[in-house]
Each structure stands twice: as C-alpha cells, then as structure tokens.
Number of protein chains: 2
Amino acid sequence: MTAETDVRERVLDAADSLFYSRGFSAVGMDEVRDAAGVSLRRLYSAFPSKESIVLAMLERRHEQWTTELRAVVDSRDDPRARILAVYDYLSAWFADESFRGCGFINAFGELGGVSPAVTSLIRAHKQSFQDEMARLADEAGAPPPLAPQLAILAEGAQTTAAIAGDPLAAGHARAAAEILVDAALA
Amino acid sequence: MTAETDVRERVLDAADSLFYSRGFSAVGMDEVRDAAGVSLRRLYSAFPSKESIVLAMLERRHEQWTTELRAVVDSRDDPRARILAVYDYLSAWFADESFRGCGFINAFGELGGVSPAVTSLIRAHKQSFQDEMARLADEAGAPPPLAPQLAILAEGAQTTAAIAGDPLAAGHARAAAEILVDAALA
DNA sequence: CCGACGTGAGAACGCTCGTTCTCGCTTCCC
DNA sequence: GGGAAGCGAGAACGAGCGTTCTCACGTCGG
C-alpha cells in the first residue's frame, strides 16, 4: 500500500508543478509520466483519468495552502496582527520564483467553463478562504462587511502579483487592509 | 475591403464569445467557423492561425473595456465619484448573466505559461488599468499608494464575483474603496 | 525449476485538433 | 458565351492527445 501512495504522491507532485506552470491542456500525460518517474501503466492504475489527477492535485493544494496559512496566522496573538499575517503569507508566496498566480484562479480560467467538478472544487477553496477571513474578522470584533473586503484584497493581490509580476502587491494589499481594519474597529 | 473586415468582425465576435465562456483549447476552429457563419477558407485567409485570433480578440476586448470604463467615469465630475464609478462599472458588468470573470485573467491561467505574445498583451491590459487608476487618484489629489490599492480591489472583485458567483463583490469593493479614498484624502 | 503473475517500456489505438487541399459551382469581365 | 478567378463545403492530412495493449522480463511460491 505504501508503494501505491508513493506513486500517487510522485504523480501529484509532477502534475502540480507542470500544470501550475504551463496550464492543463498544454501538458500531456507522457510529460507527467516522465516527471513522475513512473510508468504509464502504474500511473493509470493509481488514477483513472487526467481529470482525476487534476482534482486530486487541487485538493492537495487546498490542504497545503490552508495549513500553511493557518500556521502563519497562528504565529500571532493580537487579532489585528492575525488578520495582517494573511498578507505576510501572501508576500512570502509571491516572492517564490516559480509563482504564477493562484492555481485555483488559473484553473478556473481554463477548466471552469467545461468541468463542473473542477469548478465546484475551486469554489469550495475560495469559500473556505472567505470563511477563514470571516473568523479572523470576528475574532477582532469587526462588523461583518470587513471580511469580504479583506478577502477581495487578498484575491486582487494574487492576480496583480501574478500578471504584473509585481510582488509588492502584497504590501499594497496589507497597507489597505490596515486602513480597513482600523476603520472597522474605530 | 468591407467584406474582409466584416469577416474579421464576425470571427472575432464568435471567438470572443466561445473562448470566453469555455476557454481556448476547449473550443475548436470548426466551432468558431460555425458560430461565425464563415467558411474555414475565408477564416484562414483573414487570420493566419488560432493564436492570432486570440490576440486580436484580446486587443479588441481591451479597447472595448477601456472605452466603456472611461464613459462611465466621465459621466461624473467629482474626483471622488469618478474613482467610485469604476466599481459601479464592475457592478453592472458582474450582473451580466454570461459573466465569467475577467477574460484576461482567465487567458493568463490557460495561456500565460506557454504564449509570450498573449502574456505581454495581458500584462499591457492590466498595466493600462493601473495607469487609469493612477490618473483618477491623482486627479483627486491622493498620495501615490492609493492607486495600486484601488486597482487591487477591482481585480479582487472580478475574481471573487466570477468564482463565488457573487455580484455583490463589486459592492464590497466599492465600500472598501470609499474608506481608502477618504483615508487618503484626510 | 517452473509457471503464474506483476511490471516497465513503449507501441498502438481511436480520436480530435489546427491547418490545408480538392472539387464543383458561381460570378464577372471581355 | 467563355474562361479565369473566387468561393463554400467538407474531405484530407499530419500531428498530438488520453488511454490501453503488447510483450519481454524479473520475481517468487511451490
């Protein structure tokens, strides 16, 4: 069973990296096989189809993102600092040289119009982020409108950083968040 | 010559609608031909390749977007109202039933990793929007950091409205923009 | 030592794609 | 009226896709 999960991990690692950097339809299964170092036979015994790999990869990405974000947030105690920590997490992420935007937003552009399964997974991921923001805003005692505003800032920072290639977007979003938080708590 | 431009327009109309709603690789040239009501022969005499259609379509979309946005902004006189008009424009756009996010952000996800020409066109479009925001913020006498913050709000509203399917994102972004503008002008 | 099984490498399959070519028909100019 | 050019419809082509199959080989229980 370990061998089986190992194959799945290797395939998901390779698929995540390739699909994230080049998109889904631009990457063939042969390339995934080569990058994973796995035979096509084993690959298709671990996953029934390419789409199932995409779905599994997005699920794993969602869990990684959620875990990492929570870790950064939980390193702070002050409710205001916990909110702002979200943008610090974004800042560190944007600095990664292989950063090419939010994988879920990218997937939505390519597959959102044709794959309902992928669409609902993307939606769930973004909803979970909004819930997280609502929790943090609530902890700080802020009124309800703050949370969606903070989430919108985070989303905008991601696409701006990706397309303009400007990691400073996280700083701008953080500065705006500070103003909004302070205004909401006043 | 009119016939030639007519063919181009018909093809671009069809391609824009199809590519925007389903993505690029999910739509074949046969489908574009059917929707455009043009023979494949004429289609390929007007455009050398599928990618050239994508590029022409994005350029046209950029001009439409810029023109429409300027019209809404120019319907206001007060500098503060001109800034907020941007989010009113977004609000009206999100209400369109065929809205599926920003076509440029979507294109970036699918083609940004493989087509440099498409990437630089997308970048130019987003840069032009940031420039527009900088002009509006400058008109209002706001300090420099405001403009990127307003732009990030607009980008975030677009992806949030698209993925969550929530048109209210424009309202949240507008409310946040009001707070940021007032804080910057205080 | 042997046969059954599981595996890796990659050929093969069926399909779809972007693009080009064929062919019969229309059109229009002289 | 005749021939050359342009056109639409769709077949054809070559490539690439996701997926499956073949086959030779290694492994291992008996």
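Chain letters run A, B, ... following the sequence lines, proteins first, then strands; residues in each count from 1.
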Nucleotides bounding contact with chain A, strand DNA chain D, heavy-atom threshold 4.0 Å: D/dG18 to D/dT22
Cut-off 3.5 Å, no hydrogens considered: what does the side-chain donor-acceptor table look like for residues 177-186 of chain A, sequence neighbours left out?
| unit_1 | atom_1 | unit_2 | atom_2 | d |
| --- | --- | --- | --- | --- |
| A/Glu178 | OE1 | A/Arg80 | NH2 | 3.2 |
| A/Asp182 | OD1 | A/Arg80 | NE | 2.8 |
| A/Asp182 | OD1 | A/Arg80 | NH2 | 3.4 |
| A/Asp182 | OD2 | A/Arg80 | NH2 | 3.1 |

Residues touching DNA chain C, which here means a heavy atom under 4.0 Å, drawn from residues 24-34 of chain A: none
B/Arg42 charged N/C atom sitting above B/Phe47 aromatic ring, 6.0 Å / 45°: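 Here B/Arg42 fails the 6.0 Å and 45° test against B/Phe47.
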Within 45° cone and under 6.0 Å: A/Arg100 NZ/CZ vs B/Phe108 ring: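 The answer is yes, since A/Arg100 meets both limits relative to B/Phe108.
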Sequence neighbours excluded, every pair satisfying salt bridge (Lys or Arg N to Asp or Glu O under 4.0 Å) that has a member inside residues 103-114 of chain B: none
Partners meeting ring pair (Phe, Tyr, Trp, His ring centres under 6.0 Å) with A/Phe129 (sequence neighbours left out):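 Ring pair (Phe, Tyr, Trp, His ring centres under 6.0 Å) list for A/Phe129, sorted by chain: A/Trp65.
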All N/O contacts under 3.5 Å from nucleotides 21-25 of chain C to the protein, with atom names and distances to one decimal?
| unit_1 | atom_1 | unit_2 | atom_2 | d |
| --- | --- | --- | --- | --- |
| C/dT22 | O4 | B/Arg41 | NH1 | 3.2 |

Within 6.0 angstrom of B/Asp74 CG, more than 12 heavy atoms from elsewhere: yes
CG (A/Asp77) with more than 12 external heavy atoms under 6.0 Å: no
Parallel, tilted or perpendicular, as decided by the 30° and 60° cut-offs, for the rings of B/His62 and B/His125: perpendicular
Rounded distance in Å - CG (A/Asp6) to C1' (C/dT7): 15 Å
